[in-house]
Amino acid sequence: MGVALNIAATLLALAPLLARAELWGYVDGAGVAHVASTQVDARYRRLLGDPATQRVPGKSDTAGGLLTWLEFAPEVRSLQPVLREAAATHGIDIELLKALITVESGFNARAVSPRGAVGLMQLMPATADATTEQLLDPRTNVLAGARLMAGLMRRHDGIDVALAAWNAGEGTVRQHGGKMPPIPETRSHVHQVLELYWALLQARPPAPASRLRIQPNLSETAR
């Protein structure tokens, strides 16, 4: 993959950033996932993170209901072919795309923010070089978002900084020396995406075996 990263090493290096992070959420009656970095109201349950301990998220935490929802929700399952296409085309983990979409829109393809961000990955039409109507199409939105995220990962040192640029803009990141800007909203966004990304990576099924190799019997080879 063109922007492939050593994911385990990268997220382990971000342990100090992640160890203090939490992820709260719930799925509403319409099947839309809502996530936040704090318990906004009584509907929210802690999905990831434990402020009483300092550990790498995903090693012993579980996302419980949210991961189950991401596996079985019809709107997520129907998007799987598009997610696979975007991941393969732009060299980006499908788990990262899922985490971004969950945090940005809760897989609501028709979402439009007050600022004008559109669709699953909440893209600004000018940034994505597309119209609002085009970005309401799930395939167009996800492919455009994957292309933009892959570009950020190529240009920035670390997935956390790339996600900060996604949220706050590359200009803001440059103003802070190419580092994570001290903006609470941006830091919260990065925490949420990385927490869920790590949990999804931990839940990834092992790759199927492609070859069978039988080791010789040592007692036989010694003769």
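Nothing here was measured: the structure is a model prediction, and the numbers come from that model.
The CG atom of L201 sits 5.0 Å away from the CD atom of E95 when rounded to the nearest 0.5 Å. The line from CG of L83 to CZ of R77 is 12.5 Å long, rounded to the nearest 0.5 Å. One distance of note links CD of Q122 with CG of N108; it measures 8.5 Å at 0.5 Å rounding. The distance from atom CZ of F107 to atom CD of E75, rounded to the nearest 0.5 Å, is 8.5 Å. To the nearest 0.5 angstrom, M180 atom CE is 4.5 Å from D160 atom CG. For the atom pair CG of L163 and OH of Y197, the computed distance is 9.0 Å after rounding to the nearest 0.5 Å.
Using a 4.5 Å cut-off on side-chain heavy atoms (C-beta onward), E185 and S188 make no contact. A heavy-atom distance below 4.5 Å is not found between the side chains of V161 and L152. Here the side chains of H176 and P182 are in contact, with some heavy-atom distance below 4.5 Å. When side chains are defined from C-beta on, R147 does not count as touching I92, because their heavy atoms never get closer than 4.5 Å. Side-chain atoms of L136 and N141, non-hydrogen and from C-beta on, never get closer than 4.5 Å to each other. Put simply, the side chain of I159 does not reach to within 4.5 Å of the side chain of V193, judged on heavy atoms.
Legend: residues meeting side-chain hydrogen bond (donor to acceptor under 3.5 Å, both in side chains) with D137, ordered by chain and number and at least two apart, are T140. By the side-chain hydrogen bond (donor to acceptor under 3.5 Å, both in side chains) test, Q80 pairs with K98, sequence neighbours left out. Listed by chain and number, the residues in a side chain to side chain contact (heavy atoms under 4.5 Å, CB included) with T131 are E133, Q134 (sequence neighbours excluded). Taking R139 as the reference, E85 meet the side-chain hydrogen bond (donor to acceptor under 3.5 Å, both in side chains) condition, with sequence neighbours excluded. Under the rule for a side chain to side chain contact (heavy atoms under 4.5 Å, CB included), the partners of A128 that lie at least two apart in sequence or sit in another chain are L123, L135, A144, L148.
The same ILVMFWY cluster, assembled from side-chain heavy atoms under 4.5 Å apart, contains both L67 and L97. Clustering ILVMFWY residues whenever any of their side-chain heavy atoms sit less than 4.5 angstrom apart, transitively, puts I101 in a cluster other than the one holding L143. L194 and I94 fall within the same hydrophobic cluster, where Ile, Leu, Val, Met, Phe, Trp and Tyr residues are linked whenever their side-chain heavy atoms come under 4.5 Å apart, directly or through other members.
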So H189 and L100, side chain to side chain contact (heavy atoms under 4.5 Å, CB included) or not? Walk me through it. CA-CA 9 Å; H189 182 275; L100 260 174; 4.1 Å; yes
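Minimum heavy-atom separation, M149 to A162: CE-CB, 3.7 Å. Looking at every heavy atom in both residues, A99 comes nearest to L196 through CA-CD2, 3.9 Å. In this structure, H90 and A146 approach most closely via the heavy-atom pair CD2-CB, 3.8 Å. Residue P181 comes nearest to R187 through the heavy atom pair O-NE, 3.4 Å, listed as atom of the first residue, atom of the second, then distance. In terms of heavy atoms, V82 sits closest to P138 at CG1-O, 4.3 Å.
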In residues 110-119, what donor-acceptor pairs under 3.5 Å come from side-chain atoms, sequence neighbours left out?
unit_1	atom_1	unit_2	atom_2	d
S113	OG	R115	N	3.2
S113	OG	G116	N	3.3
S113	OG	A117	N	3.0

May I have the list of side-chain donor-acceptor pairs in residues 166-173 shorter than 3.5 Å, sequence neighbours left out?
unit_1	atom_1	unit_2	atom_2	d
W166	NE1	E104	OE2	2.8
N167	OD1	T186	OG1	2.7
E170	OE1	R155	NH2	3.0
E170	OE2	R155	NE	3.0
E170	OE2	H156	NE2	2.8
T172	OG1	A168	O	3.0

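The hydrophobic side chain of F72 is isolated, with no ILVMFWY side chain under 4.5 Å apart from it.
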